[in-house]
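What follows is one structure encoded as structure tokens, with my remarks underneath.
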Protein chains: 2
Amino acid sequence: MSEVRNIDTRERILDAAERLFMAHGYEGTSMRQITGDAAVNLAAVNYHFGSKESLMQEVFRRRLDWLNEERLRVLDEMERAAAGKPLKPSQIVDGFFGTLLRLADDDQRGGIVFLRLLGRTHTEPSEFIRTFLADEYAGVMERYQQALFRALPDVPRAEIVWRFHFMLGATSYAIAGTDALRLVADWKIEEADTVDRNDRLVPRLMSFLLGGLRAPLPQFKAAGATDSRAA
Amino acid sequence: MSEVRNIDTRERILDAAERLFMAHGYEGTSMRQITGDAAVNLAAVNYHFGSKESLMQEVFRRRLDWLNEERLRVLDEMERAAAGKPLKPSQIVDGFFGTLLRLADDDQRGGIVFLRLLGRTHTEPSEFIRTFLADEYAGVMERYQQALFRALPDVPRAEIVWRFHFMLGATSYAIAGTDALRLVADWKIEEADTVDRNDRLVPRLMSFLLGGLRAPLPQFKAAGATDSRAA
DNA sequence: GTATCATTAAAACAAACGTATGAATTATCT
DNA sequence: AGATAATTCATACGTTTGTTTTAATGATAC
């Protein structure tokens, strides 16, 4: 109880910022909200992080560094076990998205709060956030893409890249979990909702992602066609 | 050229707001940016719409009213043609998402600007936006859900609802098109990108969505299991 | 033409924003 | 203990925010 110092302040700011950015977005969250929530002085953010932008970046770095290293570790392990043979698509998808989704139960690494923040931030309009995330993901993205290329040699690479994109979208949206469109009507009746919502979301999403990834290739219309109405 | 009056002002404000909300988000866009871009007086927004929030709602209502009516019209037409028999999943998906995606080429109804705005707004944190969108979608959502229930009688309804959610996420993300994670590396080389990016996105996304919708049902672990690590 | 209404214009409002300052306080080290 | 560095604090800075106000301008009807 003598070792803890101001480190406390930094962490409390990061925790509060994580919560508030998740709930109200970057632009929608003020420094005074953050420092108020964290019970620290207003000037503490600029002292410890320099600016609001830098704080935002640190909020993500704190979690993403571990996540993406873990993703690479898992991929390395799987490729080692495969001994040169291509991985199964389900393995790759689980390595990337499963590793992410299992964060939901790991409160020490952000839990659902960070997960939802991340899901929402993927469509964040702010330029500096997008470029920051792009850099943060660059390495792991490249590796998983290559793994998919090897796993699906018959699928055009452009197609795989797109489907990776689609999988990211479905996942982001699922974990953002805004209930934006309140899809639920009366289906709650059909199953005990509160209990297993999160337990069951992961296998459900995984099935969906794999189904999409392995879907039949699309048939393109004749090149240059401008109307796409008739069958 | 004598009939146009202040109507012009309203439309110019809506157009500028649509563009700017798309580019910088709701919180990230100021009234002065909007009125400056629209070349109207600052007070015009509050005069014509009452507040920034009401402006935002009008930006969406202007486009969504038509879109969702069209979706219902298309569904009615398909069900009429089916004469009591269940529709094919591909028809339903095309009716909902195809109708949306075809907006991209319809500049009079918002084009890609509105499409991207809509994609981004689905994960918008602001409460009033989410509840507004939920109300705006309620009717059409219910109808399409029912159609899917009939089309896939063997799939549990809860599963269908989730997959609808996932499809929405993949679509939102695809049309938001932030390139947030800059998936592209060197795959541009493999196809003439600029030409057909949008032409080909639609069939690609459709294949993905249908593949996910018709994927094998997930296997759930034993109920109450807290660890999900081992195979 | 004059009265009546709708719209636009310029200016001001208080409140909230991110950031910076300088003194007070606390911890660390010799 | 005393010096030095690190951190916290209250406060203020200059902008920018959404909204309001009051006057000027435009169009429409009698």
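Each chain gets a letter, A, B and so on, in the order the sequences are listed, and its residues count up from 1. For the numbers below, each heavy atom of this structure counts, side chains included, while hydrogens, waters and symmetry mates do not. The shown structure was predicted, so the numbers you read here are calculated from the model rather than taken from an experiment.
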- Mark up nucleotides 17-22 of chain D, 5' to 3', with B wherever a protein heavy atom is under 4.0 angstrom from a base atom, S wherever such an atom reaches only the sugar-phosphate, and - elsewhere. BBBBB-
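As a whole-Å value, the separation of A:N41 CG from C:dG18 C1' is 14 Å. Counting to the nearest Å, the C1' atom of D:dG26 and the CG atom of B:D8 are 15 Å from each other. C:dT8 atom C1' lies 15 Å from atom CZ of B:F49, rounded to whole Å. Here D:dA23 presents its C1' atom at 15 Å from OH of B:Y47, a figure rounded to the nearest Å.
Between B:R102 and B:D106 there is no salt bridge, since no side-chain nitrogen of the basic residue lies less than 4.0 Å from a carboxylate oxygen of the acidic one. Ion pairing between B:R62 and B:D15 holds under the 4.0 Å rule for side-chain N and carboxylate O.
Aromatic pair B:F96/B:F164: ring centres closer than 6.0 Å.
Taking every heavy atom of both residues into account, A:L55 and A:A17 meet most closely at CD2-CB, 4.0 Å.
Residue B:H48 places no side-chain N or O under 4.0 Å from the OP1 or OP2 atom of C:dA6.
Not one N or O on the side chain of B:N68 forms a donor-acceptor pair closer than 3.5 Å with the backbone of B:G139.
In this model, a donor atom of one side chain and an acceptor atom of the other lie less than 3.5 Å apart for A:Q146 and A:E142.
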